[in-house]
Amino acid sequence: MVAVVLSLICPASEASTNPEKLVVTPKICAVNNTAPYCDVSVFVQLIQQSSDEVCLFENDKVIQCWQEREINYHHKASIQFDTVYLLSRTKQGVVLDKVKAQVQNSQLKPQRRRLRSPWSFF
C-alpha cells in the first residue's frame, strides 16, 4: 500500500517511468461465510503520448473509459470470486496491463473419514 501511495504523490515525469499502470490491492483475499465479499482497491495511473481511448475492464465488463493523456483513477469494488482487471486501448485492442485478484475461502472443507485401511496383505 505504501508503494501505491508514493506513486500517486510523485511528479508526472517520475510517474511515467513507473512500469505499473494498474495496481490492485490486495491481490489475494481470504473470505468466510460471515463476510463473503472482499473489498479491493484498483488504482490506474497512466501517462500516454496521445489521447487514445483507454478503458478499465472488470471480467470483460467496462468500468470506466478515458480519452485523456494523463489518467489517475481510483476504483473500489467488492468481489466474491476471482476477478481479472484489464486496462486496454479500445481502438487498437492493445492490452496495457492485466491484474488478477484472487479470492480464497478460509473455511475448512469437511474431510470424510476413511472406512478401511489404505492397504492390505490379503
Side-chain angles (χ1 to χ4, degrees):
M1 188 69 170
V2 175
V4 174
V5 174
L6 291 177
S7 68
L8 293 176
I9 296 173
C10 292
S13 61
E14 291 178 25
S16 64
T17 60
N18 187 1
E20 292 182 308
K21 300 169 187 75
L22 180 63
V23 177
V24 177
T25 55
K27 287 187 179 182
I28 299 174
C29 184
V31 296
N32 57 27
N33 287 342
T34 59
Y37 291 94
C38 179
D39 294 323
V40 294
S41 294
V42 180
F43 297 96
V44 177
Q45 184 175 26
L46 179 66
I47 298 173
Q48 51 184 355
Q49 299 299 326
S50 62
S51 57
D52 295 334
E53 185 177 45
V54 176
C55 290
L56 175 65
F57 294 89
E58 178 182 70
N59 288 342
D60 299 327
K61 186 183 103 184
V62 177
I63 295 176
Q64 180 84 27
C65 289
W66 304 271
Q67 282 189 321
E68 301 168 8
R69 292 185 58 170
E70 187 173 332
I71 301 166
N72 287 310
Y73 179 72
H74 178 244
H75 174 74
K76 287 189 175 265
S78 292
I79 60 174
Q80 192 172 12
F81 306 104
D82 290 358
T83 305
V84 176
Y85 290 96
L86 188 73
L87 187 65
S88 77
R89 288 198 174 96
T90 53
K91 290 184 181 176
Q92 295 92 1
V94 176
V95 175
L96 301 173
D97 209 349
K98 181 179 178 179
V99 178
K100 181 178 181 182
Q102 295 179 348
V103 178
Q104 296 178 349
N105 194 343
S106 64
Q107 181 181 5
L108 296 174
K109 294 184 172 85
Q111 294 182 349
R112 293 181 54 181
R113 199 180 113 227
R114 199 173 173 106
L115 297 177
R116 64 177 185 88
S117 62
W119 55 270
S120 171
F121 287 114
F122 302 106

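Keep in mind that this is a model prediction, so the values were computed, not measured. Side chains included, hydrogens not; waters and symmetry mates left out as well; all remaining heavy atoms used.
Taking the side chain as every heavy atom from C-beta outward, Lys27 and Val40 never approach each other to under 4.5 Å. The shortest distance between side-chain heavy atoms of Ser88 and Leu96 does not fall below 4.5 Å. Two residues are said to be in side-chain contact when any heavy atoms from C-beta on lie closer than 4.5 Å; Gln104 and Ile28 meet this criterion. Two residues are said to be in side-chain contact when any heavy atoms from C-beta on lie closer than 4.5 Å; Val42 and Thr25 fail this criterion.
Side-chain N or O atoms of Asp97 include none that pairs as donor or acceptor with a backbone N or O of Leu87 at under 3.5 Å. Asn72 places no side-chain N or O within 3.5 Å of a backbone atom of Gln45 that could act as its donor or acceptor partner. A donor-acceptor pair under 3.5 Å is absent between the side-chain atoms of Asn59 and the main chain of Thr83, judged by distance alone. Using a distance-only test at 3.5 Å, with no hydrogens or angles considered, no donor-acceptor pair links the side chain of Asp82 to the main chain of Gln102.
Criterion: ILVMFWY side-chain heavy atoms under 4.5 Å apart, direct or through other members. Under it, Val24 and Val103 are part of a common hydrophobic cluster. Note on Ile71: it clusters hydrophobically with Ile63, by side-chain heavy-atom contacts below 4.5 Å among ILVMFWY residues. Both Val54 and Val94 sit in one connected hydrophobic cluster of ILVMFWY residues. Membership requires side-chain heavy atoms under 4.5 Å apart, directly or through other members. Residue Leu46 is not grouped with residue Leu86 when hydrophobic side chains (ILVMFWY) are merged at heavy-atom distances under 4.5 angstrom, including chains of intermediate members. A single hydrophobic cluster is not seen to contain both Val62 and Val44; linkage of ILVMFWY side chains at heavy-atom distances under 4.5 Å, directly or through other members, places them apart.
For Asp39, there are no salt bridge (Lys or Arg N to Asp or Glu O under 4.0 Å) partners at least two apart in sequence or on another chain. Not counting sequence neighbours, the partners of Tyr73 by the ring pair (Phe, Tyr, Trp, His ring centres under 6.0 Å) test are Trp66. With sequence neighbours excluded, no residue forms a salt bridge (Lys or Arg N to Asp or Glu O under 4.0 Å) with Arg69.
Heavy atoms only, all atoms of each residue included: Pro26 and Ala101 are closest at O-CB, 4.4 Å.
Rounded to the nearest 0.5 angstrom, Glu68 CD and Asp52 CG are separated by 12.5 Å. Residue Ile47 holds its CD1 atom at 4.5 Å from CD of Glu70, rounded to the nearest 0.5 Å. Rounded to the nearest 0.5 Å, atoms CG (Leu56) and CG (Leu22) are 6.0 Å apart. In this structure, CD1 on Ile79 lies 7.5 Å from CD on Glu58, to the nearest 0.5 angstrom. Considering NE2 of His74 and NZ of Lys76, their distance stands at 4.5 Å, rounded to 0.5 Å. Separating the CD atom in Gln67 from the SG atom in Cys55 is a distance of 8.5 Å, to the nearest 0.5 Å.
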